[in-house]
Amino acid sequence: MINKTYFDKSAIEDILFTINKYGSIQLHSFFNEEFYSNILIKISKIKLKKFYNPCLFFYRAIDFSDSEITSMFNNFVRILFGRKLILKSAKLFCFSHKDYSLLNDKINEIDGLKVIVELTDKWNNLSNGYNSFVQRNQEVLRVNSVRNSVTILRTSKNMKSFVKYVNHLALNDKRIFLEFVYV
Amino acid sequence: MLNKYINKKYLSFESLKSKFIHAKPFSHLVLKDFFSKNFINNFLNELKKENFEHKESDLFSFMQTHDLSSSNNHIVIEFYQFLNSNEFKEYLQKITGISAFGKIDCSGFIYTSKDYLLPHDDKLGSRKIAYVLNLSRDFLKRDGGSLDFFSKNKTVKSIIPSFNTFIIFKVTIGKSYHQVNEVLIDKKRLSVAGWFNDK
């Protein structure tokens, strides 16, 4: 389950204040440990599909359909923003050595909210593989892998994003994260 | 002038012309020991004195010099002026059939461990012929740093960096896809690269 701290009234106010001021927030120790371990086990059983177009991307992903976890996040953002947000997409991503996604002239973020749920147990951040959000050719947010964290950010149609090429320091580790997009 | 700078075996261009046109997956040439030994050794020593700055984006990570046309080093400028000379461009035209008499782009690059350049076709502006002069010694396949050519989303040719190897390829939108494979060890992959442009 989600760490109870994040349902405190003052915590919700702080989270909203930070999102409104800075556009994003990363919440650490988001799930209690037992629940987080169970999610990792559940996720490890999901078969991912390879997406490969050398000039655009190279990774594994799949549409995420687990109703328990999806409902949990739908509920969390409803409590956070005081209204129901529409879930536009839910995807599970996996990046390992040599994987990447590039900025694409034809693809922008949408006006909405993105929730990145980090499901990576072990990751050397020197191997990169971070999410980078770019606006007017400037990086506005970098999401590094932090175990059991959730990053919430406001996105806009002027924004683009990519996942930085994963270098050989990743060894055999995989960066796995869920991405919920709300409008 | 060609005599002074280029290995004599490359002065006859008829066989090169055929090799270039028929090369797969797109027109290219890999010319080993291309420049005369004294010249390339001097140039290498002087190039190392240039300022290389780290550059990074979604597409690449490497160290790069300014365009070598702005160098203060007379040996580096001599190299640049040779590549930018009408005589050398005419020589390339005879080999490739491509007229590229505009100003060249020319920078030094160093790829160290973890550096890379992801797949792209180089097509931008007036670029007609891309070139790479490898200046690294002792690179092995397992070290990474190869220049890879793609066809139908697959690597079909890998060129391991070797000293004084000059590579040229025709820049074609949607076709000349290539990358520099990540360098996997603590070695420096040094090269000079750029484009011969249309006027």
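Throughout, a chain's letter reflects where its sequence line sits, starting with A, and its residues are numbered from 1.
A distance-only check finds a donor-acceptor pair linking the side chain of A/N32 to the backbone of A/F35 [under 3.5 Å].
Heavy atoms from other residues, nucleotides or ligands lying under 6.0 Å from CG of B/D186 number 12 at most. Applying the 6.0 Å contact sphere to NZ of A/K42 captures more than 12 heavy atoms from other residues, nucleotides or ligands.
In this structure, no portion of B/T155 lies under 4.5 Å from any heavy atom of chain A. In this structure, the portion of B/L118 lying under 4.5 Å from any heavy atom of chain A is its side chain and not its backbone. Heavy atoms of B/D121 lying under 4.5 Å from chain A are absent altogether.
By the 30° and 60° cut-offs, the orientation of the rings of B/Y5 relative to B/F39 is perpendicular. B/F149 and B/F26 have tilted rings, their planes meeting at an angle from 30° to 60° on a 0 to 90° scale.
Within the 4.5 Å cutoff, the side chain of A/F64 has heavy atoms near those of the A/I43 side chain. Contact of the B/H178 side chain with the B/H120 side chain is registered, since non-hydrogen atoms from C-beta on lie closer than 4.5 Å. Using a 4.5 Å heavy-atom threshold, the side chains of B/H66 and B/E50 count as separate.
Aromatic pair B/F60/A/Y165: ring centres not closer than 6.0 Å. Side-chain rings of A/F180 and A/F76 stay apart, their centers remaining 6.0 Å or farther from each other.
The residue among B/G144, B/S61, B/P119 with the most heavy atom pairs within less than 4.5 Å of chain A is B/P119.
Note that B/R137 lies in the cation-pi zone of B/F163, set by a 6.0 Å cut-off to the ring centre and a 45° limit from the axis.
Scanning residues 51-63 of chain A against chain B with a 4.5 Å heavy-atom cutoff picks out A/Y52, A/N53, A/P54, A/C55, ordered by number. Heavy-atom neighbours of chain B within the stretch residues 133-163 of chain A, taken at a separation under 4.5 angstrom, comprise A/F162.
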